Amino acid sequence: MKIIVCIKQVPDTSGKVAVNPDGTLNRASMQTITNPDDMNAVEAALKLKDQTGCEVIVVTMGPPPAAGMLREAMAMGADRAVLVSAREFGGSDTYATSQILAAAISTIGVEDDDIVMCGRQAIDGDTAQVGPQIAEKLHLPQITYAADITKEGKTVTVKRMLEDGYMTIKTQTPCLITCIKELNTPRYMNISGIYATYNKPLDVYDYEKLKDHPLIDATTIGLKGSPTNIFKSFTPPQKGVGMMLEGDGKETCEKLAGILADKHII
Ligand SMILES: Cc1cc2nc3c(=O)[nH]c(=O)nc-3n(C[C@H](O)[C@H](O)[C@H](O)COP(=O)(O)OP(=O)(O)OC[C@H]3O[C@@H](n4cnc5c(N)ncnc54)[C@H](O)[C@@H]3O)c2cc1C
């Protein structure tokens, strides 16, 4: 059994966020972190590893420095890592990203007992599309918004978090699960884990490695293979200052009703 976890390097928005004159993020000037939901996915995989002894493989598509993030996941306990990186993959939208990641995951190999995990959503692109798209492209059953995961044999039971409650779903492996922060608290790296990463394999899948995969061709990857185009990005104008109404409950309600009536809202 193995668990393949997709993790994405994202800008650390808790620090200073620099924006280029054209409205795009100035990524070069910002620190990067592992996408928070992906840390929960790594932790969920490591918990299953603690219980079953399975193998955990972390995968990212990104520029070469993303290898540092993979090493951190291996220091937490992942067994090996795959960096998917090539100029041809640059500029990919969610469709092309999931196409390339699906090709990489099927090259690693998805067998009967395996699970693919993703975060629910990346804090920069913010679409929550990549996990479900990978599942579709690999023809895997998928369960999103996982707040609890248990596995018995080939049966995986997931408690999904909804807006107003929970839903419990069972599926069979192989499957794909997207994880949310309510699932767990990611563990820290420890010293022995950090040393151990030097002996753990980090493979690079470049264009040469994946180019003959059926999911990969020039029309489905990179900027040219991306059906989404960003025409404009902008910061929305700030809302006007709100109005505070003073007084007791009845008085405030009367004032509010008067204002709404003046504006012909009620
Ligand atoms: C035309 C176009 C060009 C773009 N060019 C660039 C570009 O040059 N550089 C750039 O950084 N972004 C670029 N983007 C944004 C990029 O496409 C998205 O960030 C990416 O497709 C992932 O989508 P998302 O961030 O919404 O992820 P979500 O769908 O929100 O992510 C969900 C989960 O999928 C997994 N996942 C997502 N992306 C990756 C990844 N790369 N590796 C491993 N796991 C992942 C993670 O587990 C993540 O938690 C571009 C977008 C468009 C539309």
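Remember, it's a predicted structure, so these values are computed and weren't measured experimentally. Whatever order the structure lists ligands and atoms in, that order sets their numbers, starting from 1. Along the sequence shown, residues are numbered consecutively beginning with 1.
Given atom 1 (C) of ligand 1, the protein heavy atom at minimum distance is T228 O, 3.0 Å. Ranking protein heavy atoms by distance to atom 3 (C) of ligand 1, first place goes to G91 O, 3.1 Å. Regarding atom 21 (O) of ligand 1, its nearest protein heavy-atom neighbour is T97 OG1, 2.9 Å. Closest to atom 38 (N) of ligand 1, if we only count protein heavy atoms, is K8 CD, 3.4 Å. For atom 44 (N) of ligand 1, the closest non-hydrogen atom of the protein is C6 CB, 3.4 Å. The protein non-hydrogen atom at the shortest distance from atom 41 (N) of ligand 1 is M61 O, 2.9 Å.
Here D37 has no heavy atoms under 4.0 Å from ligand 1, in either its backbone or its side chain. Neither the backbone nor the side chain of I134 comes within 4.0 Å of ligand 1, counting heavy atoms alone. The proximity of S92 to ligand 1, defined as any non-hydrogen pair under 4.0 Å, is limited to the backbone.
When L101, V130, V58 are ranked by how near their heavy atoms come to atom 34 (O) of ligand 1, first place goes to V130. Considering each of A41, G119, S85, P63, the one bringing a non-hydrogen atom nearest atom 33 (C) of ligand 1 is G119.
For the pair Y205/I100, no side-chain contact is recorded, criterion being any heavy-atom separation below 4.5 Å from C-beta on. Between T60 and V58, every side-chain heavy-atom pair lies at or beyond the 4.5 Å cut-off. Between D148 and Y166, every side-chain heavy-atom pair lies at or beyond the 4.5 Å cut-off. Contact annotation: the side chain of V116 approaches that of I105 to within less than 4.5 Å [non-hydrogen atoms, C-beta and beyond]. Under the 4.5 Å side-chain criterion, counting only non-hydrogen atoms from C-beta, I259 is in contact with M243. Within the 4.5 Å cutoff, no side-chain heavy atoms of T173 are placed close to those of M1. Considering only heavy atoms from C-beta on, L162 comes within 4.5 Å of R160 through its side chain.
Atoms of ligand 1 lying under 4.0 Å from any heavy atom of D124, numbered from 1 in the order shown and given with element: 25 (O). Near D93, meaning under 4.0 Å from one of its heavy atoms, ligand 1 places the atoms 17 (O), 21 (O), 51 (C), 52 (C), 53 (C). Taking every non-hydrogen atom of C118 and a distance limit under 4.0 Å, the qualifying atoms of ligand 1 come out as 47 (O). In the vicinity of I7, heavy-atom distances shorter than 4.0 Å reach the ligand 1 atoms 42 (N), 43 (C), 44 (N). Atoms of ligand 1 found under 4.0 Å from any heavy atom of D38 (numbered from 1 in listed order, with element): 46 (C), 47 (O), 48 (C), 49 (O). For ligand 1 and Q129, the ligand atoms under 4.0 Å from any heavy atom of the residue are 29 (O).
Electrostatic pairing of E246 and K255 does not count as a salt bridge here, judged by no charged N lying under 4.0 Å from a carboxylate O. Classification of D203 and K209 as a salt-bridged pair fails, no side-chain N sitting under 4.0 Å from a carboxylate O. Look at D37 and R120 and you find a salt bridge, because one of the NZ, NE, NH1 or NH2 atoms lies within 4.0 Å of a carboxylate O, short of that distance.
For a threshold of 3.5 Å applied to N or O pairs, the pair formed by N229 and ligand 1 contains no separation below that value. At under 3.5 Å, not a single nitrogen or oxygen of S226, backbone or side chain, sits near a nitrogen or oxygen of ligand 1. Checked against a 3.5 angstrom limit, the closest N/O atoms of L223 and ligand 1 fall outside it. At a 3.5 angstrom cut-off on N or O pairs, A122 counts as close to ligand 1. Looking at N35 next to ligand 1, an N or O pair under 3.5 Å apart turns up. Ligand 1 has no N or O atom lying under 3.5 Å from any N or O atom of I230, backbone or side chain. Geometrically, ligand 1 and A128 share a nitrogen or oxygen pair separated by less than 3.5 Å.
A single hydrophobic cluster is not seen to contain both V59 and L70; linkage of ILVMFWY side chains at heavy-atom distances under 4.5 Å, directly or through other members, places them apart.
With D113 as reference, K151 is the one residue of Q172, K154, K151, K2 to meet the side-chain hydrogen bond (donor to acceptor under 3.5 Å, both in side chains) rule. Checked against F89 for a side chain to side chain contact (heavy atoms under 4.5 Å, CB included), the options D206, T97, L101, I221 give a single hit: I221.
Contact detail for C179 and M117: the closest heavy-atom pair is SG-SD, 4.2 Å. Between C118 and G131, the shortest heavy-atom contact is SG-CA, 3.8 Å.
Heavy-atom separations between G90 and ligand 1 are all 4.0 Å or longer. Using a 4.0 angstrom heavy-atom cutoff, Q133 does not count as in contact with ligand 1.
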